[in-house]
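Just so it is clear, the values below take in all heavy atoms, side chains as well, and ignore hydrogens, waters and symmetry mates. No experiment lies behind these values; they were computed from the predicted model shown.
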Amino acid sequence: MRVPALIVGLALALAPLPAPAQDTPEAPLGIGLEGFPYPYPVRFLPLQRDHEAQRLAYMDVAPTGTANGRTVLLLHGRNFPSSYWQPVIEALTGAGYRVVAIDQLGFGKSSKPVGPFTFDAMAADTVALIDALGLERVDVVAHSMGGMLAVRLARNAPTRVNSLVLEAPIGLEDYRFSVPPVPNAVLLKREGELTADAYRKQLITSYALTLPPEAIEPFVSLRERVKGSGEYPRWLQSFVNSYVAIWGQPVVHEIPLVAAPTLFIMGGKDRNAPGKPYAPPDLQSRMGDNAAHARALAGQMPSGRAEVIEGVGHLVHMEATERFNALSLDFLNSH
């Protein structure tokens, strides 16, 4: 019997990639992080964006403990590939959860669209993936920009989201009230001129990180190596477009309307606020009171709660791994 071409194509798209033969820290990378190893096999879902064929990359990891029949969807932050979720994936799969960790379009091993980003489109892409995987309902753990996407996903597809864990989400304030519009050319110039030293300092200071240098350096190295790609201008435009979406598509006004049980896990030192360098000096100091915002918003939700881990910054699951995993699992297991 002949197998339809569409089924063959989907099977190939969902098949795991072979592990890279090797990876050297100095070697340039493609803008799809070709050659950069992830901790689990990477699969791809074909999509369309900007009238182009695109690929959505993801890891689909089976439980290592006794399976509980539930799936957790992991949504990454803007400056990070989904590979940084490894310690969380290990904890979740060990507790019996299936885990799907996505690189949204524009990030990690996924394609890099050059058209405008919208959280509605990203939520639709996410639903397309969970449909392709045959998942009716998922729990969501989301970090930073992923928190904004998680809110929009919960609003646009409420029957598909069982619960939300929001790790140091951005978007807890409307940045348009403090930050003026910034021209595309200015954003491209600023991001394009960012050196390794400047990016390292930006991560440490903007995110108030308490990580040792060896834990921060891989993120710096990854960004530097992508600069060696012939498609780096495309990567740069795509990255800039994600900032424009964060600035221009606030979700804070919708957070109180999210019906799914929601846990905010915040770093007590985290005062990250995208666009802060472009804000007038008198407004900069008022931006990024994220722990306070989370507590206030949780109190306005039908089923919201905020936990603040003192002494850590924006990368809570890496800075306070055991505490983050314990809080997440306790919450997920109770819902």
*Heavy-atom side-chain proximity of Met59 to Ile89 below 4.5 angstrom*: yes
*Would you confirm whether His76, through its side chain, and Gln104, through its main-chain N or O, come within 3.5 Å as a donor-acceptor pair?*
yes
*Report yes or no: is the cationic atom of Arg234 (NZ for Lys, CZ for Arg) under 6.0 Å from the centre of the six-membered ring of Phe239, at an angle within 45° of the ring normal?*
no
*Compute both the distance and the angle, then confirm whether Lys109 meets the cation-pi test with Phe36: under 6.0 Å from the six-membered ring centre, within 45 degrees of the axis.*
no
_salt bridge (Lys or Arg N to Asp or Glu O under 4.0 Å) partners of residues 91-100, not counting sequence neighbours, each pair once_ = Asp60-Arg98
*asked:* Once salt bridge (Lys or Arg N to Asp or Glu O under 4.0 Å) is applied, what residue pairs with a partner in residues 161-185 remain, sequence neighbours excluded?
replied: Asp174-Arg176
*Who passes salt bridge (Lys or Arg N to Asp or Glu O under 4.0 Å) against Glu231, sequence neighbours left out?*
none
*Check Leu105 against Phe117 and note the closest heavy-atom contact, atom names and distance.*
O-CE2, 3.2 Å
*asked:* Within the supplied structure, the quantity of interest is the number of heavy atoms (other residues, nucleotides, ligands) at a distance under 6.0 Å from Glu322 CD; does it exceed 12?
replied: no
_Let's go through Arg323 and Glu307 carefully: what are the C-alpha distance in whole Å and the side-chain angles of both, what is the deciding distance for side chain to side chain contact (heavy atoms under 4.5 Å, CB included) to 0.1 Å, and is it a yes or a no?_
CA-CA 11 Å; Arg323 180 69 175 140; Glu307 293 281 349; 4.3 Å; yes
*May I ask you to establish whether Arg55 and Phe44 are in a cation-pi arrangement, using a distance under 6.0 Å from NZ or CZ to the six-membered ring centre and at most 45° from the ring axis?*
yes
*Give the intermediate values and the outcome of side chain to side chain contact (heavy atoms under 4.5 Å, CB included) for residues Ser163 and Phe331.*
CA-CA 9 Å; Ser163 68; Phe331 177 78; 3.9 Å; yes
*Do NZ/NE/NH1/NH2 and the carboxylate oxygens of Arg223 and Glu191 come within less than 4.0 Å?*
yes
*Determine whether the side chains of His317 and Tyr84 contain a donor N or O and an acceptor N or O closer than 3.5 Å.*
no
_Do Val114 and Val244 sit in one hydrophobic cluster, given that two such residues count as connected whenever their side-chain heavy atoms are within less than 4.5 Å of each other, even indirectly?_
no
*With sequence neighbours left out, which residue pairs that include part of residues 198-207 fulfil the side-chain hydrogen bond (donor to acceptor under 3.5 Å, both in side chains) condition?*
Asn79-Tyr199, Asn79-Tyr207, Asp197-Arg200, Arg200-Glu217
*Start with the C-alpha gap between Phe264 and Leu172, add the side-chain angles, then the distance that decides, and say whether side chain to side chain contact (heavy atoms under 4.5 Å, CB included) holds.*
CA-CA 11 Å; Phe264 295 85; Leu172 302 184; 4.0 Å; yes
*With a 4.5 Å limit on heavy-atom distance, are the side chains of Val140 and Leu75 in contact?*
yes
*Stepwise, does the side chain to side chain contact (heavy atoms under 4.5 Å, CB included) test hold for Ile309 with Ile265?*
CA-CA 7 Å; Ile309 302 178; Ile265 304 180; 4.0 Å; yes
*Among side-chain atoms of Ser242 and Arg78, is any donor-acceptor pair under 3.5 angstrom?*
yes
Would you give me the side-chain donor-acceptor pairs under 3.5 Å for residues 118-125, sequence neighbours excluded?
{"from": "Thr118", "atom 1": "OG1", "to": "Ala121", "atom 2": "N", "distance (Å)": "2.9"}
{"from": "Asp120", "atom 1": "OD1", "to": "Arg152", "atom 2": "NH1", "distance (Å)": "3.3"}
{"from": "Asp120", "atom 1": "OD1", "to": "Asn156", "atom 2": "ND2", "distance (Å)": "2.9"}
{"from": "Asp125", "atom 1": "OD2", "to": "Arg49", "atom 2": "NH2", "distance (Å)": "2.6"}

*asked:* Are Leu283 and Phe177 packed together at the side-chain level, in the sense that at least one heavy-atom pair is separated by less than 4.5 angstrom?
replied: no
*For Ser285, which residues count as a side-chain contact (heavy atoms from CB on, under 4.5 Å) partner, sequence neighbours excluded?*
none
*asked:* On a heavy-atom basis, which atom in Ala208 and which in Lys269 lie closest, and how many Å separate them?
replied: CB-O, 3.4 Å
*What's the verdict on salt bridge (Lys or Arg N to Asp or Glu O under 4.0 Å) for Lys112 and Asp50, showing C-alpha distance, side-chain angles and the deciding distance?*
CA-CA 10 Å; Lys112 306 299 181 290; Asp50 302 340; over 6 Å; no
